[in-house]
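Please read these numbers as outputs of a predicted model, since none were measured by experiment.
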Amino acid sequence: DTPKLNQLDRYYPKMIRQMQGLPTNVARVAAYVFLNALPVEHLLNTRVLEMFGQICRLPPNHTYHRLAERQLVVKNNKSKSWFIYAVKIGSRYGLNLYAEFTQPSTKEQWKKKAIDSIIDTTFKEMMDDVADKSTLKWVVREIFKKDQPHPIWASSSSPYHVESARIRLRMITGRYG
């Protein structure tokens with residue numbers, strides 16, 4: 001569903017910007033890093049990897065488990081198979097899904113491993129992107145943590161503090177006024 005994914009990819013950053021009071025001309029990465037939000041693509045990849053882990057933990061005689069085994073053995077990387085798609089997603093985040101299939105982790109271990117890998121990779125990509133954006137030249141990148149929103153939002157507990165944070169955020173990005 002590429003058209004629906006494109007719609008979602010356009011709507012989600014717009015919503016994230018609006019929540020923070022940022023204008024539409026602020027870079028997408030700015031909207032994501034200040035809230036510590038993942039882009040839509042990475043959220044969907046999280047779901048794919050979680051589902052792959054569920055299939056790995058099925059009994060060996062289960063239909064989906066046998067299908068996965070056959071697809072992973074027979075198909076090459078150019079295949080349109082969902083399982084090969086999942087393997088490509090896993091390799092993007094440094095995960096070996098072939099090894100996971102042969103020796104599956106517990107649900108909690110796999111979920112933590114997959115999410116941590118996605119967050120680590122995405123955070124690194126976003127920090128590299130932050131360095132290139134003119135709207136973020138006044139931002140101290142060392143303040144960003146991969147598991148917390150920007151300190152501007154961490155102290156926003158009342159409506160007054162939220163509005164104050166929104167103004168400070170627009171000033172930091174050079175889009176106030």
Side-chain angles (χ1 to χ4, degrees), residues 1-55 57 82 85-86 88-95 105-177:
D1 281 359
T2 304
K4 292 188 186 218
L5 183 60
N6 289 340
Q7 284 179 334
L8 192 57
D9 196 39
R10 281 193 309 269
Y11 172 74
Y12 184 69
K14 181 179 176 183
M15 180 192 66
I16 296 286
R17 284 184 190 112
Q18 286 176 350
M19 284 178 13
Q20 298 178 87
L22 292 171
T24 56
N25 62 350
V26 170
R28 281 183 180 205
V29 70
Y32 293 136
V33 296
F34 283 113
L35 275 185
N36 193 28
L38 289 174
V40 171
E41 175 189 5
H42 300 286
L43 293 173
L44 295 174
N45 289 347
T46 302
R47 301 298 175 248
V48 168
L49 292 176
E50 286 175 4
M51 185 179 289
F52 186 87
Q54 289 173 352
I55 293 169
R57 290 186 299 279
W82 182 87
Y85 173 71
K88 288 176 186 175
I89 288 173
S91 66
R92 177 178 178 186
Y93 300 111
L95 298 169
S105 308
T106 65
K107 178 181 179 179
E108 293 78 22
Q109 288 173 333
W110 174 247
K111 192 171 183 178
K112 181 174 177 12
K113 184 177 180 181
I115 290 173
D116 286 350
S117 296
I118 289 173
I119 289 173
D120 290 345
T121 303
T122 306
F123 185 75
K124 184 183 177 317
E125 288 173 2
M126 287 195 298
M127 286 298 105
D128 292 344
D129 204 14
V130 163
D132 299 335
K133 301 299 178 191
S134 63
T135 55
L136 299 172
K137 66 182 174 186
W138 301 111
V139 175
V140 179
R141 290 190 328 219
E142 290 76 26
I143 290 177
F144 292 111
K145 305 273 188 272
K146 65 181 175 183
D147 57 348
Q148 297 175 354
H150 190 274
I152 285 177
W153 291 116
S155 62
S156 303
S157 56
S158 69
Y160 172 79
H161 289 114
V162 169
E163 190 55 36
S164 171
R166 292 172 79 169
I167 291 170
R168 285 185 282 159
L169 197 57
R170 286 193 310 237
M171 291 173 75
I172 287 174
T173 58
R175 298 296 190 255
Y176 187 75

Set of residues satisfying side-chain contact (heavy atoms from CB on, under 4.5 Å) with respect to Q148, sequence neighbours excluded: K145
For the student: nearest non-hydrogen atoms of A31 and I16, plus distance: O-CG2, 3.4 Å
D128 and K124: CA distance, side-chain angles, deciding distance, salt bridge (Lys or Arg N to Asp or Glu O under 4.0 Å) verdict: CA-CA 6 Å; D128 292 344; K124 184 183 177 317; 3.3 Å; yes
Audit row: L44, L5, side-chain contact (heavy atoms from CB on, under 4.5 Å) steps and yes/no: CA-CA 10 Å; L44 295 174; L5 183 60; 3.3 Å; yes
Least distance between heavy atoms, V48 atom then A86 atom: CG1-CB, 3.9 Å
For E41, side-chain hydrogen bond (donor to acceptor under 3.5 Å, both in side chains) partners two or more places apart: R92
Exercise: identify the closest heavy-atom pair between R166 and Q20: CG-O, 3.4 Å
Exceeds 12 heavy-atom contacts within 6.0 angstrom, atom CE of M15: yes
I55 vs W82, side-chain contact (heavy atoms from CB on, under 4.5 Å): CA-CA, chis, key distance, verdict: CA-CA 12 Å; I55 293 169; W82 182 87; 4.0 Å; yes
Within 6.0 Å of NZ in K146, more than 12 heavy atoms from elsewhere: no
Heavy-atom pair of closest approach, residues D9 and P13: O-CD, 2.9 Å
Residues that R17 engages under salt bridge (charged side-chain N to carboxylate O under 4.0 Å, His left out), provided they are two or more places apart: none
Euclidean distance, I119 CD1 relative to Y93 OH, rounded to 0.5 Å: 11.0 Å
Check: L49 main-chain N/O paired with W110 side-chain donor or acceptor under 3.5 Å: yes
Distance, nearest 0.5 Å, that separates CG of N36 from CZ of F123: 7.5 Å
Steps toward side-chain contact (heavy atoms from CB on, under 4.5 Å) verdict (Y32, Y12): CA-CA 10 Å; Y32 293 136; Y12 184 69; 3.6 Å; yes
Pairwise distance CZ(R28) to CE(M126) - rounded to 0.5 angstrom: 13.0 Å
I118 backbone acceptor or donor facing T122 side chain under 3.5 Å: yes
Validation row: M127, V130 side chains within 4.5 angstrom (heavy atoms): yes
Distance (rounded to the nearest 0.5 Å) between K111 NZ and T106 OG1: 12.0 Å
Distance, nearest 0.5 Å, that separates CD1 of I115 from CG of N45: 12.0 Å
Ion pair check, R47 and E50, cut-off under 4.0 Å: yes
